[in-house]
**Q** 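The structure under discussion is supplied below as structure tokens; questions concerning it will follow.
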Protein chains: 2
Amino acid sequence: MPKLIDHDVKRLDIAQATWKILIKEGAGGASVRNIAKEAGITLGALRYYFTSQEELMAFTEELVHEKITEKAAEHFMADLAPHEKILDLLLGLLPQPQEELSASKARLIFKLQPKNTDKPYDTGRDSVYQAVKSVMSNLVMLNLLKKDTDLSLETDRLYALMDGLAMEGMLRGTGYNPYKAKNIIKTHLTSICKTESGDLY
Amino acid sequence: MPKLIDHDVKRLDIAQATWKILIKEGAGGASVRNIAKEAGITLGALRYYFTSQEELMAFTEELVHEKITEKAAEHFMADLAPHEKILDLLLGLLPQPQEELSASKARLIFKLQPKNTDKPYDTGRDSVYQAVKSVMSNLVMLNLLKKDTDLSLETDRLYALMDGLAMEGMLRGTGYNPYKAKNIIKTHLTSICKTESGDLY
DNA sequence: CTTTATTTAATACACTCGTATTATCAAATA
DNA sequence: TATTTGATAATACGAGTGTATTAAATAAAG
């Protein structure tokens with residue numbers, strides 16, 4: 001009977017506005033009023049689609065993680081050599097310059113946002129950690145890792161490196177050099193892979 | 001003529017209270033009222049010692065960086081084998097469990113705090129970056145690095161790794177395992193150092 | 001056209017924020 | 001002791017926050 005507005009589409013619109021605000025002003029600027037203004041709706045309209053700010057944030061965070069997981073899956077299915085695929089995948093997890101809706105930055109902001117629940121951060125729900133795990137698992141399958149590699153340790157090492165690089169990418173506004181990040185990841189992959197098969201990276 | 005209260009000592013007290021609040025509640029909880037309560041003084045008293053919140057924050061951030069630089073210098077002068085010194089130094093830059101006033105956590109919080117100035121983050125003023133640079137520089141002096149090492153790249157790689165590990169340490173409350181971090185750093189140092197001199201780490 | 005459910009808009013409430021103002025208290029000098 | 005100056009305390013102001021409430025507008029169904 002009412003106006004024909006797709007509820008889910010509108011929720012996506014609002015979540016994207018939230019996303020945009022988060023990147024532009026950080027978590028501190030993500031007030032419901034700011035978000036409503038960014039989405040071009042009023043406060044009441046926003047509250048019609050999301051009954052609380054917490055719900056909106058959870059929805060947006062989920063959206064960001066879905067986007068990252070999706071992107072990683074696409075890279076996995078690319079028609080490239082394994083080492084090329086892996087390199088592209090990892091680079092895709094970092095902020096890109098002039099990226100309007102950076103999933104990497106948004107993920108970091110959510111990750112660093114202190115939840116009122118005092119439970120520690122759950123890496124199991126981190127899309128980037130899952131992607132890194134997949135990458136390492138693939139390297140094992142392809143028998144590319146050096147002998148006597150501690151898989152768990154190397155997974156955590158690569159994960160920490162990715163988080164550090166992502167942070168660097170987020171904090172540096174314009175003067176961020178993605179080529180440097182690419183070279184760092186290449187160096188890292190080379191150092192954990194067997195050397196016998198030549199310089200893959 | 002007045003009460004005999006050392007101005008600078010009191011400013012340090014307040015800065016320490018700020019530090020404590022930052023770690024306990026994050027940057028969002030660091031309101032002047034919260035800080036005053038933590039320091040056991042009133043709002044007016046706080047404003048007497050710091051004319052603005054911004055000044056207080058800058059003072060506290062400076063204090064944190066001084067503490068880190070100091071600690072790193074101590075480690076450098078320790079009477080240990082070079083590789084032991086370096087390992088201890090790097091570990092000292094990470095959050096330690098049950099550490100009341102963690103300089104590492106406080107530094108990260110400041111680093112991630114979006115300044116109203118839109119200038120990008122200046123690594124030159126980051127005490128941890130300086131420490132990492134010193135470490136790498138030392139490895140060069142001692143001729144411990146592998147041949148054809150890209151010093152700038154490896155410095156940035158280690159820096160990113162340290163930031164990632166520090167983040168992990170900050171986000172995990174109780175379930176944080178410093179031994180894992182130690183092993184990761186050991187592995188990393190081994191991978192960038194020459195192998196001929198045996199397993200140093 | 002009227003009804004009805006959906007969507008929007010506007011305003012209000014209680015709270016916290018940083019800052020400012022003002023008066024009061026304490027102690028060392030004269 | 002009186003005075004002066006450092007230090008403290010209490011309160012207020014305007015802005016911003018999340019949420020709640022209520023009235024209005026919209027468009028499909030009868």
Side-chain angles (χ1 to χ4, degrees), chain A residues 1-62 109-110 112-117, chain B residues 1-62 109-110 112-117:
Chain A
M1 312 97 182
K3 291 206 275 192
L4 40 110
I5 288 185
D6 192 328
H7 214 85
D8 294 335
V9 169
K10 196 86 179 189
R11 280 168 68 94
L12 270 177
D13 283 349
I14 298 175
Q16 276 205 355
T18 306
W19 190 336
K20 220 168 174 177
I21 288 281
L22 280 175
I23 288 176
K24 202 171 2 179
E25 307 185 28
S31 69
V32 286
R33 286 173 177 82
N34 267 347
I35 293 169
K37 187 188 289 179
E38 176 72 38
I41 59 177
T42 62
L43 206 56
L46 191 151
R47 278 193 90 51
Y48 178 75
Y49 291 101
F50 293 96
T51 59
S52 76
Q53 190 184 29
E54 193 181 352
E55 185 197 345
L56 167 58
M57 289 306 177
F59 183 84
T60 306
E61 184 172 8
E62 184 64 28
I109 291 172
F110 278 119
L112 294 164
Q113 179 77 352
K115 307 282 189 301
N116 36 13
T117 72
Chain B
M1 312 95 186
K3 290 206 276 190
L4 40 110
I5 288 186
D6 191 329
H7 214 83
D8 294 334
V9 170
K10 196 85 178 187
R11 279 167 69 94
L12 271 178
D13 282 349
I14 297 174
Q16 276 205 356
T18 306
W19 190 336
K20 219 167 175 177
I21 287 283
L22 280 175
I23 288 175
K24 203 170 3 179
E25 307 185 29
S31 69
V32 285
R33 287 172 177 82
N34 267 348
I35 293 170
K37 186 188 292 180
E38 177 71 38
I41 60 177
T42 63
L43 207 54
L46 191 150
R47 272 190 126 322
Y48 178 74
Y49 291 102
F50 293 96
T51 59
S52 74
Q53 190 184 28
E54 193 180 352
E55 186 196 345
L56 167 58
M57 289 306 176
F59 182 84
T60 306
E61 184 172 8
E62 186 63 28
I109 291 172
F110 278 118
L112 293 164
Q113 180 77 351
K115 307 281 189 303
N116 38 9
T117 75

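The chains referred to below are lettered A, B, ... by the order of the sequence lines, with proteins before strands, and numbering in each begins at 1.
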**Q** Nearest whole Å is fine: how far is C:dT7 C1' from A:I14 CD1?
**A** 12 Å

**Q** Please give, in whole Å, the distance from D:dA7 C1' to B:Y48 OH?
**A** 6 Å

**Q** Counting C-beta onward and ignoring hydrogens, is there a side-chain heavy-atom pair between A:T60 and A:L56 closer than 4.5 Å?
**A** yes

**Q** With respect to the phosphate group of D:dA20, does any side-chain polar atom (N or O) of A:R47 fall under 4.0 Å of OP1 or OP2?
**A** yes

**Q** What nucleotide among D:dG18, C:dT8, D:dT17 has an atom nearest to a side-chain atom of A:N34?
**A** D:dT17

**Q** OP1 or OP2 of C:dT8 versus the side-chain N and O atoms of A:K10: is any pair under 4.0 Å?
**A** yes

**Q** Considering heavy-atom distances to DNA chain D, does B:T42 or A:T51 have its closest nucleotide positioned more toward the 5' end?
**A** B:T42

**Q** Please classify the nucleic acid contact of A:S31 as base, sugar-phosphate, or nothing, using heavy-atom distances under 4.0 Å.
**A** sugar-phosphate

**Q** Would you check if the side chain of A:R11 reaches a backbone N or O of A:Y49 as a donor-acceptor pair within less than 3.5 Å?
**A** yes

**Q** Can you find an N or O donor on one side and an acceptor on the other, under 3.5 Å apart, linking the side chain of B:R33 with the base of C:dG18?
**A** yes

**Q** B:H7 NE2 to D:dA7 C1': how many Å, rounded?
**A** 10 Å

**Q** Taking only the side-chain heavy atoms of A:A45 (C-beta and beyond), determine which of D:dT8, C:dG18, C:dA9 contains the nearest atom.
**A** C:dA9

**Q** From CG of B:L46 over to P of D:dA7, roughly how many Å is that when rounded to an integer?
**A** 14 Å

**Q** Taking CE from A:M57 and P from D:dT17, how many angstroms apart are they, rounded to a whole number?
**A** 11 Å

**Q** With a 4.5 Å cut-off on side-chain heavy atoms, are B:E61 and B:Q113 touching?
**A** no

**Q** Roughly how far, to the nearest 0.5 Å, is CD of A:Q53 from CZ of A:R47?
**A** 8.5 Å

**Q** Looking at the side chain of A:V32, which of C:dT6, D:dT19, C:dT19 is the nearest nucleotide?
**A** D:dT19

**Q** Give the rounded distance in Å between these two atoms: OH of B:Y49 and P of D:dA9.
**A** 10 Å

**Q** Taking the side chain as C-beta and beyond, is there a heavy-atom pair between B:I41 and B:D13 under 4.5 Å?
**A** no

**Q** Between A:G40 and B:S52, name the one whose nearest nucleotide on DNA chain C is closer to the 5' end.
**A** A:G40

**Q** Looking at every strand, decide which applies to B:L43 at a 4.0 Å heavy-atom threshold: base, sugar-phosphate, or nothing.
**A** base

**Q** Can you tell me the distance, in whole Å, between the CD1 atom of A:I35 and the P atom of D:dT17?
**A** 10 Å

**Q** What is the distance, to the nearest angstrom, from the CG atom on B:L56 to the P atom on C:dT19?
**A** 10 Å

